[in-house]
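All values reported here derive from a predicted model rather than from experimental measurement. To find a chain, count down the sequence lines: A is the first, B the second, and so on, and within it residues start at 1.
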Amino acid sequence: MNIPLDITTIEYLIPVLSGVLLFGLLTAFVIYFILVYRKTQGTLDWERERIKQELLRVENEVKEQTLTNVSRELHDNFGQIASLIKINLSMISKELSAEDTQKVSDSLDLLKQLIGDIKSLSSSLNGDNIMKNGWLKILSEDIRRINAIGTTQFDFNYDENIRLGHEKEVILYRVLQEIINNSLKYAKASNAKLGIHSKQKRILISFEDNGIGFDQKTIIPGNGLRNIYERCKIIDAQLDIFSKAGQGTKITINIAHDGSTE
Amino acid sequence: MTLGYQFYLVLLCASILIGLINFKRLTLRYKLAFFLLFIILATEISTSYISSIGQNKALIYHLLILSQFVFYGFYYGLPQQNKRIYILVFGASIVFGVFCSIWLQKIDKFPSYLLILLSLVMTTAALFDFKRLMYAPVKIKLTSMPDFWFNIGHLVFFSSTFFVFAFINSVVQVSIDWPMRLILLANIFLYTCYGLSLYLDSNQNNEYTA
């Protein structure tokens with residue numbers, strides 16, 4: 001039965017006001033929960049990213065240590081063995097016929113080249129060398145060696161004395177090694193340009209080749225490309241890759257440089 | 001049968017249909033919720049029949065409340081590390097329910113203490129589940145999480161039910177219509193949330209729910 005509403009009736013007002021209060025509290029709770037949850041999610045995302053970066057850094061250090069160990073082995077063992085072979089050949093060449101002496105002489109030349117290549121490879125693998133001699137010097141020696149082979153001609157321009165600190169230099173050097181190796185392996189380019197320049201507290205690295213390029217939308221990144229992305233992330237470098245099938249590849253790396261070398 | 005009640009039944013059936021179509025992809029918690037929906041539908045059909053023959057349907061509702069304690073006890077207890085407290089609270093509620101129906105109140109009385117207890121326990125359980133979500137955030141959006149909508153539905157429905165039946169004696173002296181409309185609206189909201197939860201649960205990777 002409906003009794004005509006008397007809004008002054010306190011017995012009716014209490015439930016109404018309680019209802020309004022209840023729903024107000026419910027709405028406030030839901031809004032509060034949503035806001036706090038989003039904030040917690042943001043914190044969680046930040047923590048995850050930080051841990052991921054830390055893991056990448058540790059993985060990178062382990063890789064560098066492994067490469068340094070391999071470099072030492074190459075220099076100490078293989079380099080030494082090659083030198084011993086050279087000495088032995090030099091000793092026996094005095095007792096041979098003219099034809100055999102020529103063969104030994106050719107072998108000695110090849111050994112000299114081998115010893116030189118082992119030293120260069122050992123040097124490029126050793127991260128401490130990069131610190132001692134400078135990453136640009138090591139890089140130009142690598143490019144000189146590649147140009148000597150003749151498949152792709154690299155044009156390397158750089159501003160002298162760009163020093164970034166050990167970690168960044170080693171990482172950038174490895175990134176550029178990877179880029180150059182990818183170009184040599186896949187691009188079938190006749191020419192390539194590499195430029196490293198300093199401008200307004202930023203280091204600008206640009207690489208370009210006239211190779212076959214690739215379709216960025218369809219290609220599945222291999223380990224090499226993933227390593228490049230991950231290494232650039234570690235040092236906060238901005239990486240941009242532009243490539244189209246038949247139109248070559250262009251890569252730019254942009255990293256802040258406040259003048260610190262730590 | 002009013003239009004609102006018919007709409008409520010349609011929503012209930014729609015939720016059941018969503019659960020049926022996606023049953024294999026549902027997690028255990030939402031499979032339990034799906035079974036409960038069947039029980040609720042059976043309750044509604046039987047109470048409609050009982051009303052039509054002029055009998056008291058309160059007994060059916062009391063049985064429904066007891067089964068709700070069982071199902072919701074499992075639903076809220078499953079993702080918890082410490083399940084004992086949930087077994088204790090829901091178990092004690094079932095025991096109280098039986099005791100209440102036999103000794104404290106007549107079995108055909110509605111609303112009963114059991115209903116008030118259910119509303120109180122469920123509102124608290126929903127709040128604690130919100131707390132669990134808060135302390136274990138996951139990557140996906142909050143509004144894409146089935147647990148969020150399920151608990152919102154429970155929070156709104158059971159707090160409304162508690163409120164209405166707590167003040168029912170005062171309110172009926174003025175009007176019986178608006179409390180019943182409020183309960184109906186809360187039901188419609190609840191089963192919309194149930195349907196949405198079942199749909200979202202079937203689309204998830206299930207890596208964050210029990």
Side-chain angles (χ1 to χ4, degrees), chain A residues 1-59 220-221 225-226 229-230 232-234 236 239, chain B residues 111 119-120 122-124 126-145 147-183 185-186 189-190 193 207-208:
Chain A
M1 179 176 93
N2 288 333
I3 296 168
L5 180 63
D6 177 0
I7 59 167
T8 61
T9 308
I10 195 85
E11 284 175 352
Y12 186 75
L13 276 176
I14 290 173
V16 170
L17 290 173
S18 305
V20 169
L21 183 67
L22 174 70
F23 285 110
L25 282 172
L26 272 177
T27 310
F29 169 77
V30 170
I31 293 169
Y32 168 77
F33 175 79
I34 290 170
L35 291 172
V36 171
Y37 188 84
R38 277 189 182 159
K39 190 179 167 194
T40 316
Q41 255 185 336
T43 310
L44 183 73
D45 285 342
W46 182 83
E47 275 296 315
R48 274 198 188 123
E49 193 58 37
R50 193 182 64 81
I51 289 167
K52 196 177 160 189
Q53 287 296 322
E54 201 53 43
L55 281 171
L56 278 173
R57 207 176 288 273
V58 166
E59 193 188 314
I220 298 167
L225 215 52
R226 266 199 295 270
Y229 280 120
E230 283 168 5
C232 286
K233 246 182 152 180
I234 292 173
D236 289 328
L239 170 73
Chain B
S119 305
L120 210 56
M122 289 305 297
T123 306
T124 313
L127 288 171
F128 272 100
D129 213 44
F130 274 123
K131 184 189 165 195
R132 178 186 64 82
L133 291 176
M134 186 96 77
Y135 284 122
V138 292
K139 266 185 168 178
I140 63 167
K141 274 194 324 189
L142 192 61
T143 48
S144 301
M145 290 172 68
D147 293 1
F148 173 73
W149 291 107
F150 203 77
N151 286 314
I152 289 275
H154 278 183
L155 200 63
V156 169
F157 177 76
F158 286 107
S159 55
S160 309
T161 314
F162 181 77
F163 163 75
V164 165
F165 290 114
F167 285 103
I168 193 76
N169 289 332
S170 309
V171 165
V172 295
Q173 292 170 23
V174 178
S175 167
I176 193 70
D177 282 345
W178 74 257
M180 293 302 116
R181 278 189 201 135
L182 188 61
I183 296 285
L185 278 172
F189 183 76
L190 177 68
C193 290
E207 53 192 48
Y208 68 94

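Within a 6.0 Å radius of CZ in B/Phe189, other residues, nucleotides and ligands contribute more than 12 heavy atoms.
Of all the heavy atoms in A/Tyr37 and B/Met145, the pair that sits closest is OH-SD, 3.4 Å. Residue A/Leu26 comes nearest to B/Ser159 through the heavy atom pair CD1-OG, 3.2 Å, listed as atom of the first residue, atom of the second, then distance. Taking all atoms of both residues into account, the shortest heavy-atom contact from A/Gln41 to B/Ile140 is NE2-O, 2.6 Å.
Contact check for A/Arg38 versus B/Leu142: no side-chain heavy atoms found under the 4.5 Å cut-off.
The contact between B/Phe148 and chain A is made entirely by side chain atoms (from C-beta outward), counting heavy-atom distances below 4.5 Å. The contact between A/Val36 and chain B is made by backbone and side chain atoms together, counting heavy-atom distances below 4.5 Å.
Taking the six-membered ring wherever Trp is involved, the centroid distance between the rings of B/Phe130 and A/Phe29 falls below 6.0 Å.
A distance of 3.5 Å separates OG in B/Ser160 from CZ in A/Phe23, rounded to the nearest 0.5 Å.
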